[in-house]
Amino acid sequence: MNSLSASRIVALVAAGVALALAAAALTIVLADVATTSAAPGSGGRQVAAPPASAGQAHNGGATIAGRATATANPLYETGRLTDVNCRPGSLPPGSISAYRRFLTRVTACLNKAWAAQFRKAGMPFSKPRLRIITRKVKTPCGTWNTGADGVYCSTDRTMYLMISKDQLRNPFPLGITRLIAHEYGHHVQQVSGIWDYYWAARTVAGKAKRLELSRRSELQAECLSAVFMSTMKDTPLVTDADWAYTVGWFRKNGAKGWPQNDHGKGPTQAAWMTRGFNRGTPGACNTWAASARSVT
């Protein structure tokens, strides 16, 4: 085995560790408890509740107001996500200042890209807040989830991103970027009105339907994350090899640790990641109009 091969194996091992940590961090936090879901190795809770502007159920739940905001959202007609030439720089291990700088730069890229996309759609847009922390905090949505390294809270529209010791020791820039972009995807769902339908539908759904709705939301956020990643294709951050490795990791491990199928099976996650990355458009991520078998 030559030195180049050995270094590549070391890099992939570190990437696997980082992806596992990122998967454990992939938790959305909203206003009050709805379901409990453990992420890989975390035992964390998923806390959820509707935004204040959520649509209403009518006729005993027979009709849900605002369904078109999810199935026919104007964002789906805006074409490829704007390439903002995002180059967040390197992420060396052990440097908190470099980590903070990286998170801030990626978030700035996401702000520019999605603001431009909302302008194409003729829709109002507001940025999420970013709060970088090094220890657990209590958010307006509740206590910090055990094992989570990042959450999005709808109450204050803030992404809370933790620099944990494990993340600091084993940074995987592509994996960290994908995680931030996923949490940002939930913000896109909220400000575009997609979540209005999601939460209204949940209020009248049984358990099986609630899980399906959760999968549609999570798979869309993952697809939107991949759409953003596609704007950096063939850069040092998003090489073909590292992207293929990341998708393969989710295909095998993406559903592990979740006691309920509320995020989608590993192959389903990988399929929506691939779809978003290859097409590069928000319209590729319309999970709400997809067949039930596409969001298993």
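Values reported hereafter were calculated over all heavy atoms of this structure, with side chains retained and with hydrogens, waters and symmetry mates removed.
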Evaluate the side-chain proximity of Ile163 to Ile132: yes if any heavy-atom separation is below 4.5 Å, no if none is. yes
Could you verify whether a donor N or O on one side chain and an acceptor N or O on the other, from Asp166 and Ser164, lie under 3.5 Å apart? no
Just so I know, are the side chains of Thr231 and Thr82 near enough to count as touching, which here means a heavy-atom distance under 4.5 Å? no
Side-chain heavy atoms of Val137 within contact of Arg131, under 4.5 Å: yes
Closest approach of Asp242 to Thr239 (non-hydrogen atoms, all atoms of both residues): N-OG1, 3.1 Å
Is the number of heavy atoms from other residues, nucleotides or ligands within 6.0 Å of NZ (Lys120) greater than 12? yes
Exam field: side chain Ser214 to backbone Leu211, donor-acceptor pair closer than 3.5 Å: no
Charged N to carboxylate O below 4.0 Å: is that the case for Lys233 and Asp240? yes
Donor-acceptor contact present, side-chain Arg275 to main-chain Cys285, <3.5 Å: no
Does the Thr107 side chain pair with the main chain of Arg105, one donor and one acceptor, at a distance under 3.5 Å? no
Measuring from Ile194:CD1 to Asn73:CG, what's the distance to the nearest 0.5 Å? 4.5 Å
Tell me whether Phe118 shares a hydrophobic cluster with Tyr197, the cluster being built from Ile, Leu, Val, Met, Phe, Trp, Tyr side chains joined at under 4.5 Å. yes
When rounded to the nearest 0.5 angstrom, what is the spacing between SG in Cys109 and CZ in Arg87? 9.0 Å
Minimal non-hydrogen separation, Cys141 against Ser154, with atom names: SG-N, 3.8 Å
Only one of His263, Arg178, Gln269 forms a side-chain hydrogen bond (donor to acceptor under 3.5 Å, both in side chains) with Glu222, so which one is it? Arg178
CD of Gln117 to CZ of Phe228: how many Å apart, nearest 0.5 Å? 12.0 Å
Taking atom CH2 of Trp243 and atom CG of Leu237, what is their separation to the nearest 0.5 Å? 10.5 Å
Looking at every heavy atom in both Gly280 and Ser230, which two are closest together, and how far apart are they? CA-OG, 3.6 Å
Does a side-chain heavy-atom distance below 4.5 Å link Met123 with Val191? no
Is there a continuous path of hydrophobic side-chain contacts, each under 4.5 Å between heavy atoms, that joins Leu75 to Tyr152? yes
Close side-chain approach of Thr134 and Arg100, heavy atoms under 4.5 Å: yes
Hey, is the main chain of Thr296 close enough, under 3.5 Å, to the side chain of Thr268 for a donor-acceptor pair? yes
Checking the side chain of Asn253 only, and the main-chain atoms of Lys256 only, is there a donor and an acceptor separated by less than 3.5 Å? no
Trp114-His187 aromatic ring centre distance below 6.0 Å: no
Nearest heavy-atom pair of Ala70 and Tyr76: which atoms, and what distance? O-OH, 2.6 Å
Has Gln220 got a side-chain atom pairing as donor or acceptor with Trp288's backbone, closer than 3.5 angstrom? no
Step-by-step side-chain hydrogen bond (donor to acceptor under 3.5 Å, both in side chains) determination, Ser291 to Ser294: CA-CA 5 Å; Ser291 65; Ser294 299; 2.9 Å; yes
CG of Leu103 to CD of Gln167: how many Å apart, nearest 0.5 Å? 9.0 Å
Tightest non-hydrogen contact, residues Gly193 and Thr69, listed as O-OG1, 3.0 Å
Is the backbone of Pro173 close enough, under 3.5 Å, to the side chain of Thr177 for a donor and an acceptor to pair up by distance? yes
Minimum side-chain heavy-atom gap Met162-Lys136 below 4.5 Å: yes
Hey, quick one: are Trp272 and Leu81 part of the same hydrophobic cluster, counting side-chain heavy atoms closer than 4.5 Å, chains of contacts allowed? no
Would you check, one step at a time, whether the test side-chain contact (heavy atoms from CB on, under 4.5 Å) holds for Tyr245 with Leu174? CA-CA 11 Å; Tyr245 175 80; Leu174 186 155; over 6 Å; no
Can you tell whether the side chains of Arg215 and Glu218 come within less than 4.0 Å, N to carboxylate O? no
Same hydrophobic cluster for Met273 and Leu110, using side-chain heavy-atom links shorter than 4.5 Å among ILVMFWY? yes
Stepwise side-chain contact (heavy atoms from CB on, under 4.5 Å) test for Arg202 and Lys209: CA-CA 8 Å; Arg202 281 182 63 94; Lys209 187 63 176 180; over 6 Å; no
Does any part of the side chain of Gln189, heavy atoms only, come nearer than 4.5 Å to the side chain of Tyr198, both counted from C-beta? no
Shortest non-hydrogen contact from Gly185 to Leu224? O-CD1, 4.1 Å
Report yes or no: does Arg251 contribute a side-chain atom to a donor-acceptor pair with the main-chain N or O of Gly266 at less than 3.5 Å? no
Nearest 0.5 Å, please: how far is NZ in Lys112 from CG in Asp83? 11.5 Å
Determine whether Thr235 and Val238 make a side-chain contact, defined as any pair of heavy atoms from C-beta on separated by less than 4.5 Å. yes
Spell out, as yes or no, whether a donor-acceptor pair under 3.5 Å connects the side chain of Arg216 to the backbone of Thr287. yes
When you look at Val247 and Thr274, which way does the side-chain contact (heavy atoms from CB on, under 4.5 Å) test go after all the steps? CA-CA 7 Å; Val247 174; Thr274 300; 3.7 Å; yes
Determine, using the 4.5 Å side-chain heavy-atom cutoff (strictly less than), whether Met229 and Val84 are members of one ILVMFWY cluster. no
How far apart are the C-alpha atoms of Met159 and Tyr184, what are their side-chain angles, what is the distance that settles it, and do they pass the side-chain contact (heavy atoms from CB on, under 4.5 Å) test? CA-CA 8 Å; Met159 298 190 302; Tyr184 205 104; 3.9 Å; yes
Can you check whether Ala98's main-chain N or O pairs, donor with acceptor, with Ser95's side chain at less than 3.5 Å? yes
